[in-house]
Number of protein chains: 2
Amino acid sequence: MAKATTTTDAPFPGVPLTTPLYREVKRQLMDALAGGEWKPGDAIPPERRLAERYGISIGTVRRAIDELVAENMLIRQQGRGTFVASHNRDRLLFYFFHVVPQDGAKEYPVVRLLGFAKAKADKLASEMLQIAIGDPIFRIRNLLSLSGEPVIVDDIAVSAARFPGMAERAFRDRPSTVYNLYQDTFGISVVRTVERLRATTVDHDIAPLLRVAPGAPLLEIRRVALTYSDVPVELRISHVNTAHHEYWSELKQV
Amino acid sequence: MAKATTTTDAPFPGVPLTTPLYREVKRQLMDALAGGEWKPGDAIPPERRLAERYGISIGTVRRAIDELVAENMLIRQQGRGTFVASHNRDRLLFYFFHVVPQDGAKEYPVVRLLGFAKAKADKLASEMLQIAIGDPIFRIRNLLSLSGEPVIVDDIAVSAARFPGMAERAFRDRPSTVYNLYQDTFGISVVRTVERLRATTVDHDIAPLLRVAPGAPLLEIRRVALTYSDVPVELRISHVNTAHHEYWSELKQV
DNA sequence: CAGTGGTCTAGACCACATT
DNA sequence: ATGTGGTCTAGACCACTGT
């Protein structure tokens, strides 16, 4: 990786023939992240050292890091270093939790575990999690409250293979968020989410949990959480009572 | 703007004391864009010329342009030039239209004008459009169909002062999209949108338009469209029948 | 003070589009 | 052939953090 651009072996029409050096560096950094060489919260080596290691200019290293920072995988702190992104409460609240009060400020939800079960993947779960139908999964149901009022019912499905030995205790005694659990206990970092939203009529088993009348409209959110390289790790179906809350979406450069 | 970083006059704690040169350049480019020096579709001067004009290095110019490209205000095309972003159909479809079929590919909606009226801004419109209550506005109602089925009712409100002489004809005879109308006829470019979503029960006047039964759940989207410098130019309340469609949200680095 | 990321330079060369 | 944006270099200096 000494000089300039590298050429791919198979020249396909329409596909760029060359890969910029900084993208190759980015890929190597991503591999190291996915491989756990540096863990969430760790500092990666300083830019000057990375430049030396790869035998390239510091500007090229910066360019690779720039993209990883833009994708929320790394966090730069001037004077301190560059760190692997970690799921602290604030980061989660602002990046992955989009339900806000219609009046008032964003707040932390209080989570209560309602159910935990082993199950087999149905069609939806198998498609969304990219596993086979019938593969073992865990199903978790949570009730989220805001300002003391129950507002959201979360139904979570994860592959048992990706979360070996997951137990109900982990959810019940959980001091922080689910994504923190994934990260700290199973080494899986959620990097990105894709969500699809619909309006539905409340289900008979959910109505009493959210204290809404039968036939009330609910916002349904189907979220797939992705880790590095867009590998899906969690399917979450949320039902939100939007009487006093709403879903906030600021779409940029998708 | 010759050498390095500039210092702001009022040193406030917490606020950076220096502004990078490339941000100053970015601001000047944004001013030129907002002022109409270059219009949508135009090429801006080449990077080498901008560097010369401002007496700075080309790398610094590129940095400024990079940010404007990331914010969808400029579009780079290698070998051709850098162009002011324009609202062509595809761009609109992918950046501002988030309703997709539950099965199948994204498609263009067919728009039918249902109503056009002068009105006075109510509380919501005045807040969202940052004008005074009672200021003159235009209200437009559109019915959007996908695959021949009516799916969305849009209620649009814009300030009459910002769109002088807007007429019903412009909407009825419209060959392209509303945002194209704003851009081409009034010189207003929508750069960004912020949306809030709720589940509601269908209104009596909307139910027949979407051919849904009374009491059916609808997805309500409140969208504010912003032009340069986050000036709000349009309030749009959409009611979506999500029986066969859904709202698609890929949230990154908000 | 040393070490880190942040900014900026001046230029070379490459890839691509147009003439 | 010319002109555009895209990549990469080698280094200087600044701003910030921690010791």
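The chains referred to below are lettered A, B, ... by the order of the sequence lines, with proteins before strands, and numbering in each begins at 1.
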Is the phosphate of C:dC8 approached by B:Y22 (side-chain N or O, under 4.0 Å from OP1 or OP2)? no
A:Y179 side chain to A:E234 side chain, donor-acceptor N/O pair below 3.5 angstrom: yes
Interatomic distance, B:Q77 CD vs C:dT18 P [rounded to whole Å]: 8 Å
Check the side chains of A:T82 and A:E47 for a donor-acceptor pair under 3.5 angstrom, ignoring hydrogens and angles. no
Rounded to whole Å, CD of A:E47 lies from P of C:dT4 at a distance of 10 Å
Quick one: is A:T82 getting a side-chain N or O under 4.0 Å of the C:dG5 phosphate, OP1 or OP2? yes
Which residue lies more 5' along DNA chain D, comparing A:G79 with A:S57 via nearest heavy atoms: A:S57
Calculate the interatomic distance between B:R49 atom CZ and D:dG3 atom P; express it in whole Å. 10 Å
Do A:Y182 and A:T227 have side-chain N/O donor and acceptor atoms under 3.5 Å apart? no
Any residue meeting ring-ring contact (aromatic ring centres under 6.0 Å, His included) with A:F186, in chain and number order, not counting sequence neighbours: A:F163
Taking atom P of C:dG3 as reference, at what distance in whole Å does atom CZ of A:R48 sit? 10 Å
Take a 6.0 Å sphere around CD of B:E127 and say whether it holds more than 12 heavy atoms from other residues, nucleotides or ligands. yes
Rounded interatomic separation in angstrom, taking CZ from B:R23 and C1' from C:dC8: 15 Å
Is a donor-acceptor pair below 3.5 Å formed from side chain A:R80 to base C:dG5, judging by atom type as modelled? no
Can you list, in residue-number order, the parts of residues 59-69 of chain B that come under 4.0 Å of DNA chain C, counting heavy atoms only? B:T60, B:R63
Just compare C:dT9, D:dG6, C:dT4 and give me whichever is closest to any side-chain atom of B:L21. C:dT9
Could you tell me whether B:R76 and B:D66 have a side-chain N and a carboxylate O separated by less than 4.0 Å? yes
Given atom CD of B:E52 and atom P of C:dT9, what is their separation to the nearest angstrom? 14 Å
Whole-Å distance separating the OH atom of A:Y54 from the P atom of D:dC8: 14 Å
I'd like to know if the side chain of B:Q183 reaches the main chain of B:H87, judged simply by a donor and an acceptor atom lying under 3.5 Å from each other, with no hydrogens or angles considered. yes
What is the distance, to the nearest angstrom, from the CD atom on A:Q78 to the P atom on D:dG18? 12 Å
